[in-house]
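Structure first, commentary second.
Along the sequence shown, residues carry numbers from 1.
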Amino acid sequence: MAVPTLVVVVLATLVQFPSKATVLGQLQGGVSMRCIRTDDLPGITQSQHVLMSGGFHVTIEGTLVCTPVDAEPGTIESSLNDELAKLINIEEERQDSLATEDGISDPLYEDGIATDLTLEEFQCNCKHKEKLFENLVALTETSLNLDVLNSCGITLGPSMETKQTSQKLFVVDDEEEEVSYSDSSYSSHFDQEEASAFASMLVANGFLPFPSSDEHFNYVLAYSLVLMNVGQSHEAVQQLSILIKQHPNLPGAYHARGAAYTRLGLQDKENVAHALKDFSRAIELDRQSPLGWEQRGELNILLGRTSKAMADITHALDLRPSAKLFLLRAGLFLKERKLSLAVNDFFNSLRIDTNQPDAFHLLGVSFFHQGKLHEATRSIKHAIRMNPNCLECMQNLGQIYKELGKYEESLEILNAALELDWNNSQTLHLRGLLYVDSGNIKGAYEDFKTCADLEPSHQVCSIMVAMCLMITGQFYEAVKTSARVMTLSLSDNHAHLHDRAMYIKEISRYMHAHLDSPMFELNMDVDLSPNFKAGWVRIDDFPIEDYLEQPGIMPDISDVDLLGFSDFEPEVQSLICKSILLGRLGEHSTDGFLPNDRQNLAMGLASIEVAQTVKQFWKSPRSYRNHFGKRFGWKDVYDISVKWIRACNPDKPIFWLDHMPEHCTQNACETFNYQIILLHGQTYNIRYESYLDGVLNATKRLLTQYLQESSDEDRYLNLDDIKNLEVLLNLMRKLKDVGPGFIISNRISSHQKLAEKLEGVSFELQEEKPGNLMFSMTSFTSKRRTEQFHAEMDHVWHALSEEMQNFKKSVNSPREGDFESVGNLIVTLMYYFYNLMPLTSGPSSVAYSVAIGLFIATGREVTSSIPKGRIVEMEAMLATTPSAFTTVVKQWMNLQKSHSSISNLPLVAETFPSLRSMLEVLNTGAIVCKY
């Protein structure tokens, strides 16, 4: 029996861990706990589409978060997830209660903005002096809440009413929204006599938490607060400065003046310095009051001084926990990608006050970054119910639905967001991305174009316009647009956009030059330079070493005509409709996969072309040759599907991995590999989450086998009870000193030599930094491994061809049952392709479309779709034998005798002989077929 290979991960930066390592200890009751410093908690890699950008970054040292050692990864938040439904129910009951009380409204929940002050706290009694004072000295544009004051018996004339403004706790887009606070948004109505009367009422009702025995001080402080809250912050600063000279040791004046300086505007560095100095002085005078720490913490957040902000907010929480403080700290944790701590604090905030749509929204964003998209959906949906005008909530929910593969739901919520603001570039961008990923390139182009027109500086929309033009064959405009993006992005210091635009420009030039050539002459694996291919896959910086640009657009070659379905002949329309149906058979009906009829059409056409070509080959397999005069083999079959997926997705680098360059040093060769990341830090890959236990079990089985075969001790090691990746890694460190991690390879059975084993995919578990685990599956590309798999697939292909000859002779005889062997060989070929994963992108779609085409060539039809929640490539990678995979997949496919012959359909290769004709059919858009 072959022993699995264990490779120790050696990373120079991860060999030694100082005092930041995970701490194990015995806490109360002898319960074994795992304690992790908050600055060591895992982060996540940058998402392709980030829900929230900008805002807060923070690190904090010395704080430990502890969870039981035997807990599953992410236990810090897993115990909280069950509370979400409870908190939502509490808030719904609260709103229902308010709705049924005649004449009662919630003045602290206007325009969907919740504050830390609840209506119930003020009705019937008005004892919360410090709460009101905090509202009066808020750093943001929050006006006096007149309804609450009225409920406490304090009245104010209409001339003193101020304009209510939305208070954002978090910046959604730093690049577009500058932090600016001033008095300009308030009403110009100001009556000095009424202000004076109102100040007297504040004093009389005892709403100054830092009063003195000096009545004049109390009155001036109250009057200054009124000034600040009706847009007279300059006057308030002057009054408070005089007051501080007279009474330098009373903290209330410093709280108020610091807030007044903040409201004057943070663009002025002197205002910032004065505000920080005042808040610090207030803290010195009364270190036990949380208000000074909170104010300075909020100001540090606005200034981007995140570590200082975290320290201040945490100190304030230690003095007096509140919903607002937990919310602020949760936001800091979220922006630092300390997701478990963020979720924990959002729940802490909501336990105190469920009337917070912002908290539900950002809790959902935290769940999103953890890969918990269903929990994210539920939380943000509730935030929208609380605040139907929350545009950011709708944008984020639309993006989450897209990531879940729920097209209709995503489109519906993004359309609703556009109804709130038809000219919102971010919403247009998000809907454009939805259209692109679902194959509606025309709709995507219109949204991206509108976005770019509305906001010319939005270079991301401009580059997506260029991409849509390239996909549809409008290469002249694609080159012009990408060139313009390259120029602007360099001036804007957006080098990554420049590089992306460069690849679009070069691929557009290449495809335009080959529009009318026979498809077999278009060979991107050979035509494009190795450095260009490597750079495109990695999106490396331009210029690429020794790269020679593609020739410019030639005026004698026109772009692709945008045809409609009715522009094709009836027999071609039938071919299109049949192809769509076949393509849909390969769709995955599981979270994370978005339906895409453009790709379905491409893969369906590939299946039919495979069937038509292979039928010709099987008529005379010994003499049949490919376009280059060589014997027709399995790779020629797969090249048909690769051709179609490249035409469908020209924006994606799709290359055979054995044609990719490798960079070798004295120690090793760096190659391009196909990798599936299941878990990274606290983030789960939603597509493969249901397979996580299966991959863990496979890893444990291989480790057990390795340890037993490589150990001199005659003992049995049982890893079945280990359910935690961290525990598994720590055990391997003790047994084999694997350092930061290990890689162990699967062994799969050979069909050619039954006694031999091939190296399947490898399972990798490593700790990138303390507490930050990455668990992945990788198909490593090496010359030796590739040659082994190619030899195996050559053998299976030859056996299939021989078996098909026997099967054809027995179609009308009692040997009809021989098809079982033919079918098994077709799925076996697919099995080895999945374990090799020989393409940089799209191997799953290619493999399945080829299998469908091969079955069609045998006179059989796949009649069932892939079952919900199942992924073909994962089934293949986890199966150790071809027969195990074959049994499962053939049951899914539900193979039946074909009731319609492909001989009645036009030959795909002749109908669409060039890239131009392929793009024309793929651009047909919304197709109406009678199924």
Side-chain angles (χ1 to χ4, degrees), residues 428-429 431-454 456 458-489 497-498 500-517 519 522 524 528 536 549-568 576 596-599 601-602 605 643-654 912-927:
L428 288 166
H429 176 239
R431 193 173 70 173
L433 292 174
L434 174 67
Y435 284 147
V436 164
D437 289 349
S438 61
N440 181 2
I441 308 303
K442 180 181 178 181
Y445 170 80
E446 292 172 353
D447 276 356
F448 291 136
K449 186 69 167 60
T450 303
C451 169
D453 291 342
L454 288 170
H458 202 308
Q459 294 304 308
V460 175
C461 280
S462 296
I463 204 168
M464 295 304 291
V465 168
M467 189 191 75
C468 290
L469 290 167
M470 177 180 68
I471 292 174
T472 56
Q474 311 306 299
F475 298 117
Y476 178 73
E477 289 298 327
V479 170
K480 282 179 55 180
T481 304
S482 57
R484 185 166 58 250
V485 171
M486 289 169 61
T487 302
L488 294 175
S489 59
L497 295 178
H498 170 273
R500 191 174 175 190
M502 182 67 178
Y503 287 108
I504 291 176
K505 177 171 72 72
E506 289 301 287
I507 294 301
S508 295
R509 286 174 166 179
Y510 172 80
M511 295 179 70
H512 182 263
H514 291 82
L515 263 179
D516 298 309
S517 303
M519 278 305 298
L522 192 151
M524 299 178 73
L528 299 177
W536 191 14
E549 289 190 17
Q550 295 288 326
I553 297 292
M554 291 170 280
D556 58 323
I557 302 178
S558 62
D559 278 341
V560 176
D561 292 332
L562 298 177
L563 305 180
F565 184 64
S566 60
D567 293 321
F568 292 94
I576 292 173
N596 185 329
D597 264 350
R598 181 183 176 90
Q599 183 161 308
L601 173 58
L605 286 167
K643 171 187 71 174
W644 277 102
I645 199 169
R646 281 176 175 168
C648 179
N649 303 301
D651 57 309
K652 294 181 174 62
I654 302 173
F912 310 111
S914 64
L915 177 60
R916 179 187 299 277
S917 57
M918 293 172 70
L919 292 178
E920 285 175 345
V921 70
L922 292 175
N923 287 341
T924 51
I927 301 169

Among Arg509, Met511, His512, which one satisfies side chain to side chain contact (heavy atoms under 4.5 Å, CB included) with Gln550? Arg509
Heavy-atom side-chain proximity of Leu522 to Arg646 below 4.5 angstrom: no
Return the set of residues passing side chain to side chain donor-acceptor pair (under 3.5 Å) with Tyr510 (not counting sequence neighbours), or none when no residue passes. Asp527
dist Leu922:CG -> Gln599:CD (nearest 0.5 Å) comes out at 10.5 Å
Nearest 0.5 Å, please: how far is CE in Met519 from CE in Met918? 4.5 Å
Checking Asn440 now: which residues fulfil side-chain contact (heavy atoms from CB on, under 4.5 Å) with it, not counting sequence neighbours? Tyr435, Ser438, Lys442
For Asp561, enumerate each residue passing the side-chain contact (heavy atoms from CB on, under 4.5 Å) test, keeping only those at least two apart in sequence or located in another chain. Leu563, Glu920
Supply the atom-to-atom distance Met486 CE to Ile504 CD1, rounded to the nearest 0.5 angstrom. 10.5 Å
For Gly564 and Asp567, which heavy atoms make the closest approach, and how far apart are they? N-OD2, 2.7 Å
Partner set under side-chain contact (heavy atoms from CB on, under 4.5 Å) for Ser914, not counting sequence neighbours: Arg916, Ser917
Side-chain donor-acceptor contacts of residues 469-481 below 3.5 Å, not counting sequence neighbours, with atom names and distances?
| unit_1 | atom_1 | unit_2 | atom_2 | d |
| --- | --- | --- | --- | --- |
| Thr472 | OG1 | Cys468 | O | 3.0 |
| Thr472 | OG1 | Leu469 | O | 3.2 |
| Gln474 | NE2 | Thr472 | O | 3.2 |
| Gln474 | NE2 | Val560 | O | 2.8 |
| Thr481 | OG1 | Glu477 | O | 2.8 |

Heavy atoms, side chains only, cut-off 4.5 Å: are Asn923 and Ile441 in contact? no
Between Phe568 and Phe912, which heavy-atom pair has the shortest distance, and what is it? CE2-CE2, 4.4 Å
Keeping the roles fixed (side chain from Asn649, backbone from Lys652), state whether a donor-acceptor pair exists under 3.5 Å. no
Over all atoms of both residues, closest heavy-atom pair of Ile463 and Leu497: CD1-O, 3.5 Å
Between CG of Leu434 and CG of Asp447, what distance do you get to the nearest 0.5 Å? 9.5 Å
Closest non-hydrogen atom pair between Cys461 and Ala452, with its separation: CB-N, 4.0 Å
When rounded to the nearest 0.5 angstrom, what distance separates NZ in Lys643 from CD1 in Ile654? 14.0 Å
What pairs with Asp453 under side chain to side chain donor-acceptor pair (under 3.5 Å), at least two apart in sequence or on another chain? Lys449
Looking only at non-hydrogen atoms, find the nearest pair between Pro650 and Ile507 and report the distance. O-CG2, 3.8 Å
Is any side-chain heavy atom of Gln459 less than 4.5 Å from a side-chain heavy atom of His498? no
May I ask you to test the Tyr503-Asp651 pair for a side-chain heavy-atom distance under 4.5 Å? no
For Phe448 versus His429, what's the shortest heavy-atom pair and its separation? CE2-O, 3.5 Å
